[in-house]
There are 2 protein chains.
Amino acid sequence: MNIGELAKLSGVNSKLIRHYESIGLVPKAMRSDSGYRIYSKTDIQFLRFIRRARGLGFSMKEIKKLIGLWRNKSRASKEVKSLAMTHIKALETKISEMQEMADSLRLLAKSCHGDSRPECPILNRLEINE
Amino acid sequence: MNIGELAKLSGVNSKLIRHYESIGLVPKAMRSDSGYRIYSKTDIQFLRFIRRARGLGFSMKEIKKLIGLWRNKSRASKEVKSLAMTHIKALETKISEMQEMADSLRLLAKSCHGDSRPECPILNRLEINE
DNA sequence: ACTTGACCTTCCAATCGCTGGAAGGCCGAT
DNA sequence: ATCGGCCTTCCAGCGATTGGAAGGTCAAGT
């Protein structure tokens with residue numbers, strides 16, 4: 001299977017597959033005589049794993065660890081769980097930060113007439129000193 | 001005032017101030033004979049404005065627009081409001097995406113024993129085919 | 001046989017918003 | 001005069017892609 005087909009089947013585009021190879025996230029693929037990368041079915045599963053982990057917001061670094069754990073059939077589930085919990089915490093932190101941003105902005109937007117007059121509490125708030 | 005003092009007073013570090021100048025977010029500063037950037041009090045307010053807008057998660061592009069509106073005393077408040085509303089929408093989208101990630105992960109983590117056994121629903125879920 | 005077009009290859013650059021370092025100049029105090 | 005702490009520029013890197021250019025390969029149609 002060429003890279004294009006793998007891309008289609010895994011949901012990870014070719015460019016990204018090559019990139020993942022270059023950063024060592026996926027092992028170097030076999031090559032045909034003409035230099036084309038050759039893949040097999042197991043690569044589909046592998047890339048889907050990565051795609052799903054990305055979909056859950058894991059970083060490349062975390063995914064590397066997850067892959068290691070995934071392949072290591074004697075891993076302890078607590079290692080995976082702790083990785084997941086750490087990531088959940090990070091997500092929660094980010095979420096509440098953004099929540100605060102959105103709340104502040106909603107408040108400001110609410111008090112802004114939003115008409116053709118120039119008075120604007122949003123800008124006023126941003127320019128407040130100290 | 002030199003850049004270091006401005007940094008202290010505005011809460012935006014010198015490196016970043018120079019960077020902002022280089023991307024045209026802040027106007028080029030006057031220079032002393034020896035080439036040092038010279039600032040005045042109004043620059044403090046200006047940089048604080050940027051800092052607060054960043055704190056609300058606005059992108060550089062959006063901040064450029066906000067600055068334009070801020071300076072234009074005859075702007076219509078609806079322009080500012082619509083910019084804010086767009087940004088709120090973007091924040092909400094991102095928040096709910098992350099919320100979904102966190103929810104899925106929490107669910108998976110919950111069903112994972114988290115002990116020394118290798119069975120792990122988190123990894124199982126990631127490797128599911130199709 | 002030849003050409004087309006869809007694939008594949010590599011490499012380099014851009015995105016966004018910084019942050020870091022290196023190499024050098026300037027300034028004020030001791 | 002020398003020291004530390006500023007300041008200057010430029011270049012490079014982060015993370016995770018995405019884009020493009022320039023070129024090789026392959027299979028199908030004419």
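Quick note on labels: first sequence line is chain A, next is B, and so on, each numbered from 1. Nothing here was measured: the structure is a model prediction, and the numbers come from that model.
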Close side-chain approach of [X] and [Y], heavy atoms under 4.5 Å:
{"X": "A:K78", "Y": "B:D115", "answer": "no"}
{"X": "B:M101", "Y": "B:L105", "answer": "no"}
{"X": "B:L47", "Y": "B:Y39", "answer": "no"}

Using whole Å, what does the distance between atom [atom2] of nucleotide [N] and atom [atom1] of [X] come to?
{"X": "A:N13", "N": "D:dG20", "atom1": "CG", "atom2": "P", "result": "13 Å"}
{"X": "B:R31", "N": "C:dG25", "atom1": "CZ", "atom2": "P", "result": "16 Å"}
{"X": "A:L16", "N": "D:dG19", "atom1": "CG", "atom2": "P", "result": "11 Å"}
{"X": "B:I63", "N": "C:dC16", "atom1": "CD1", "atom2": "P", "result": "13 Å"}
{"X": "B:M30", "N": "D:dC7", "atom1": "CE", "atom2": "P", "result": "18 Å"}
{"X": "B:M1", "N": "D:dC7", "atom1": "CE", "atom2": "C1'", "result": "16 Å"}
{"X": "A:L47", "N": "D:dT17", "atom1": "CG", "atom2": "P", "result": "12 Å"}
{"X": "A:L6", "N": "C:dC7", "atom1": "CG", "atom2": "P", "result": "15 Å"}

Can a side chain N or O of [X] be found less than 4.0 Å away from OP1 or OP2 on [N]?
{"X": "B:R54", "N": "C:dC18", "result": "yes"}
{"X": "B:R37", "N": "D:dT9", "result": "yes"}
{"X": "B:Y20", "N": "C:dG17", "result": "no"}
{"X": "A:R18", "N": "C:dT10", "result": "no"}

Check: Less than 3.5 Å between a donor and an acceptor, one on the side chain of A:K15 and one on the base of D:dG20, is that the case here?
Finding: yes

Note to self: Looking at B:Y36 and C:dG25, is any side-chain donor or acceptor paired with a base atom of the opposite kind under 3.5 Å?
What the structure shows: yes

Next item on the list: Please work out if B:I3 contacts a base, only the sugar-phosphate, or nothing of the nucleic acid, heavy-atom cut-off 4.0 Å.
Entry: sugar-phosphate

Checklist line | Proximity to the side chain of B:S59 - top-ranked nucleotide from C:dG17, D:dT18, D:dT17 | finding: C:dG17

Item checked: Nearest-nucleotide pick for B:H19, side chain only, options being C:dC18, D:dC7, D:dT9 -> C:dC18

Checklist line | Residues A:K94, A:E97: salt bridge by 4.0 Å N-O rule | finding: yes

Checklist line | Comparing B:S34 and B:F58 on DNA chain C - which has the more 5′ nearest nucleotide | finding: B:F58

Next item on the list: Calculate, to the nearest 0.5 Å, the distance between atoms CZ and CG belonging to A:R37 and A:L6 respectively.
Entry: 11.0 Å

